[in-house]
Amino acid sequence: DFDGPFHFSRKVNQGVLAASGEVVVLLNDDTEVRTPGWLEAMLLYALDPHVGAVGARLLFEDGRIQHAGVVGVGGNPGHAYHGFAADTAGHGANALVPGDFLAVTGACLMTRRQLFLDVGGLSSWFPASYNDLDYCCKLHGAGYRIVATPDAVLDHFESSSRDGSVASDELELIRRRWGRWL
């Protein structure tokens with residue numbers, strides 16, 4: 001249970017501290033699994049000692065891609081192939097195979113619990129947005145890879161359970177902290 005106003009970072013940190021497993025999954029309440037074996041597909045990478053976090057491919061309700069990894073786009077974070085058809089091959093077919101990205105979304109993110117604790121979890125400076133990007137950048141800065149796999153597919157009814165607007169102070173803070181990678 002989490003009492004108080006919405007604060008994604010605090011909720012997740014509290015949950016990870018209460019968890020006892022070696023691997024944890026952050027999974028939004030506005031997702032629905034499409035592919036059997038999605039956990040195993042993500043675990044394949046999460047157990048690699050060089051990988052810090054693994055994300056799934058997330059689709060909008062109409063089947064278009066919502067998330068296939070996070071990249072920097074002109075100084076801003078963006079979802080690779082956002083809005084493209086689910087069967088989009090991408091540049092050099094990179095949307096069809098697991099690959100390295102700057103970050104993956106916390107809507108469905110798998111990581112080793114000890115790594116989460118080692119880098120300080122999700123920063124409370126980001127109560128609603130960019131906490132996942134900040135977490136992945138901390139892992140990236142520590143030398144870990146961030147992998148997105150198209151072999152784990154979920155529907156993401158993005159922000160259907162809360163207001164999805166991004167606070168300008170969170171965007172400015174993520175730019176100040178990690179702008180060199182964006």
- Message: Quick check: do L171 and S129 have side-chain heavy atoms less than 4.5 Å from each other?
- Response: no

- Which pairs, with at least one residue in residues 92-115 and sequence neighbours excluded, count as a salt bridge (charged side-chain N to carboxylate O under 4.0 Å, His left out)? D100-R145

- Query: Centroid-to-centroid, F8 to F126, below 6.0 Å?
  - Reply: no

- Query: If we only count heavy atoms from C-beta on, is the R175 to E172 side-chain gap below 4.5 Å?
  - Reply: yes

- Query: Going by heavy atoms in the side chains, are D30 and H156 under 4.5 Å from each other?
  - Reply: yes

- Query: Is there a donor-acceptor pair under 3.5 Å between the side chain of E170 and the backbone N or O of A128?
  - Reply: yes

- Message: Minimum heavy-atom separation for F116 and Y135, please, with both atom names.
- Response: CA-OH, 3.4 Å

- Decide side chain to side chain contact (heavy atoms under 4.5 Å, CB included) for I174 and D134; before the verdict, give the C-alpha distance in whole Å, the side-chain angles of both, and the deciding distance to 0.1 Å. CA-CA 7 Å; I174 203 70; D134 182 70; 3.9 Å; yes

- Over all atoms of both residues, closest heavy-atom pair of L139 and V119: CD2-CG1, 4.1 Å

- Here the pair of heavy atoms bringing P77 nearest to V70 is CB-CG1, 4.3 Å

- Mind listing the closest non-hydrogen atom pair of A53 and C136 along with its distance? CB-SG, 4.2 Å

- State the CZ-NZ distance between R177 and K138, to the nearest 0.5 angstrom. 6.5 Å

- Donor-acceptor under 3.5 Å (N13 side chain, S9 main chain): yes

- Do V104 and V71 belong to the same hydrophobic cluster, where Ile, Leu, Val, Met, Phe, Trp and Tyr are linked whenever their side-chain heavy atoms lie under 4.5 Å apart, directly or via other members? no

- Side chains of R10 and S124: closer than 4.5 Å at any heavy-atom pair? yes

- Nearest heavy-atom contact between R57 and L96 is NH2-N, 4.3 Å

- Message: Test: ring pair (Phe, Tyr, Trp, His ring centres under 6.0 Å). Region: residues 40-69. Which pairs qualify, not counting sequence neighbours?
- Response: F60-H82, H67-H79

- Query: Is there side-chain contact between L102 and L182, with at least one heavy-atom pair below 4.5 Å?
  - Reply: yes

- V23 versus L47, closest heavy-atom pair with distance: CG2-CD2, 3.9 Å

- Close side-chain approach of T111 to V51, heavy-atom, < 4.5 Å: no

- Mind checking whether W38 and C108 have side chains closer than 4.5 Å, heavy atoms only? yes

- Message: With a 4.5 Å cut-off on side-chain heavy-atom distances among I, L, V, M, F, W and Y, is there a chain of contacts connecting W125 to Y130?
- Response: yes

- Query: Any link between F84 and V153 through a network of hydrophobic side chains (Ile, Leu, Val, Met, Phe, Trp, Tyr) touching at under 4.5 Å?
  - Reply: yes

- Message: Just verifying a value: how many Å separate L27 CG and L154 CG, rounded to the nearest 0.5 Å?
- Response: 6.5 Å

